[in-house]
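The next block holds one structure in the form of structure tokens; read it before the comments.
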Amino acid sequence: MRDRNPVTQTNTPASRKEFGEALRKLRRPLGLRSLEGIQETGTYSFVISRSQLSRYETAKALPPLDYAAHLDDLYGGKGWIAMTLRNLWRSDWDPWTVHEHGFAQRLHAARWPAPYTGTVWIKLKPLPASVGQNHQFRLDWGSWYAEVEADLHADGIVIMTGKARDDNGESVTCNLTVSQRTFALFGAGDDLDDEHVIDIRQVWQWRS
């Protein structure tokens with residue numbers, strides 16, 4: 001089931017239908033019953049029924065964002081399923097009113113599949129009480145760091161940069177520290193025309 005991943009850099013689902021098809025391909029030849037039941041992920045327990053999984057696989061529903069990492073583990077997506085699900089949620093991401101869309105924090109951690117190369121992004125939204133205020137951001141990624149600041153309005157910003165392949169096969173975590181609590185969603189791809197993008201590819205500095 002997990003030897004040939006249908007989700008890769010050259011074959012990343014761009015719609016709910018394609019996402020469901022990828023889940024089905026990852027599961028086969030096993031049946032949905034094999035994935036049903038209580039699954040442990042860190043300190044959290046998930047109960048996902050066959051009917052829920054069937055709705056995701058048949059594109060009747062897009063899984064909640066807080067299921068991203070869990071579904072990736074369950075289906076053996078090697079990071080690609082989680083990344084794709086976050087990509088698909090970007091345009092409808094609404095952390096002010098949807099609980100499953102994340103909590104506001106000052107510290108965030110983002111990871112992408114180790115083989116991925118190309119554009120990656122972190123979308124940030126302020127707390128309602130902080131709309132229009134200046135926020136300072138520091139990113140630490142391996143031996144590199146970058147610092148940027150921006151006024152965060154209600155529609156938020158997208159910090160965009162590039163990622164090279166992690167040759168050792170282990171994804172390097174990008175840690176983000178913000179001066180005020182913010183909501184964060186991270187993903188990959190160049191389709192960001194509808195976003196307020198801050199490109200930091202020339203901002204990175206080598207940590208001496």
Side-chain angles (χ1 to χ4, degrees), residues 1-42 44-103 108-125 155-156 158 160 163 171 183-195 197:
M1 178 177 71
R2 303 186 179 187
D3 292 334
R4 299 184 64 184
N5 194 336
V7 187
T8 64
Q9 182 157 347
T10 57
N11 187 32
T12 302
S15 68
R16 181 187 298 184
K17 180 180 179 181
E18 292 177 1
F19 182 79
E21 291 172 352
L23 292 181
R24 290 199 302 275
K25 290 177 181 178
L26 279 168
R27 174 176 53 80
R28 290 171 181 163
L30 301 181
L32 281 173
R33 185 182 295 274
S34 66
L35 302 183
E36 186 181 35
I38 299 175
Q39 299 90 22
E40 301 289 338
T41 301
Y44 299 95
S45 295
F46 290 82
V47 180
I48 303 181
S49 66
R50 277 179 292 169
S51 61
Q52 282 178 283
L53 293 172
S54 177
R55 285 174 60 82
Y56 303 153
E57 292 189 6
T58 56
K60 292 179 180 177
L62 191 63
L65 269 172
D66 58 355
Y67 279 19
H70 174 64
L71 286 173
D72 196 274
D73 290 339
L74 192 63
Y75 280 87
K78 300 180 180 179
W80 295 99
I81 288 294
M83 184 183 78
T84 299
L85 182 57
R86 294 179 180 120
N87 289 349
L88 292 173
W89 268 110
R90 180 176 58 82
S91 60
D92 295 318
W93 184 54
D94 184 13
W96 286 6
T97 59
V98 182
H99 174 73
E100 292 85 357
H101 286 191
F103 300 95
H108 300 276
R111 298 180 71 181
W112 293 269
Y116 179 82
T117 61
T119 301
V120 296
W121 49 262
I122 303 175
K123 185 171 182 176
L124 298 149
K125 286 191 174 184
D155 56 352
V158 169
M160 183 265 281
K163 178 189 177 297
S171 178
F183 300 96
L185 176 71
F186 57 93
D190 300 312
D191 184 18
L192 299 170
D193 292 342
D194 58 339
E195 302 284 5
V197 176

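In what follows, every heavy atom counts, from backbone to side chain, and hydrogens, waters and symmetry copies are set aside.
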Side-chain heavy atoms of [X] within contact of [Y], under 4.5 Å:
X: Tyr56; Y: Pro64; value: yes
X: Phe19; Y: Asn87; value: no
X: Trp93; Y: Leu65; value: yes
X: Met160; Y: Glu195; value: no
X: Arg90; Y: Asp194; value: yes
X: His101; Y: Leu185; value: no
X: Tyr116; Y: Ser171; value: no
X: His99; Y: Asp66; value: no

Might you point out which heavy atoms bring [X] and [Y] nearest each other, and give the distance in Å?
X: Gly156; Y: Lys125; value: CA-CG, 4.1 Å
X: Ser49; Y: Ser51; value: OG-OG, 2.8 Å
X: Met83; Y: Pro113; value: SD-CD, 3.6 Å
X: Ala82; Y: Ala68; value: CB-O, 3.6 Å

_For Phe186 and Val120: C-alpha separation, side-chain torsions, deciding distance, then whether side chain to side chain contact (heavy atoms under 4.5 Å, CB included) applies._
CA-CA 8 Å; Phe186 57 93; Val120 296; over 6 Å; no
Rounded distance (nearest 0.5 Å) linking atom [atom1] of [X] with atom [atom2] of [Y]:
X: Thr119; Y: Asp190; atom1: OG1; atom2: CG; value: 3.5 Å
X: Tyr75; Y: Leu53; atom1: OH; atom2: CG; value: 4.5 Å
X: Arg16; Y: Leu85; atom1: CZ; atom2: CG; value: 10.5 Å
X: Ser15; Y: Glu21; atom1: OG; atom2: CD; value: 7.0 Å
X: Leu23; Y: Thr84; atom1: CG; atom2: OG1; value: 9.5 Å

*State which residue, out of Arg24, Arg27, Gln52, Lys25, fulfils the side chain to side chain donor-acceptor pair (under 3.5 Å) condition with Glu57.*
Arg27
_Salt bridge Arg86-Asp72, side-chain N to carboxylate O under 4.0 Å_ = no
_Looking at Ser54 and Arg50, would you say the former's side chain and the latter's main chain have a donor-acceptor pair under 3.5 Å?_
no
*Checking Lys123 side chain against Phe183 main chain: does a donor-acceptor pair fall under 3.5 Å?*
no
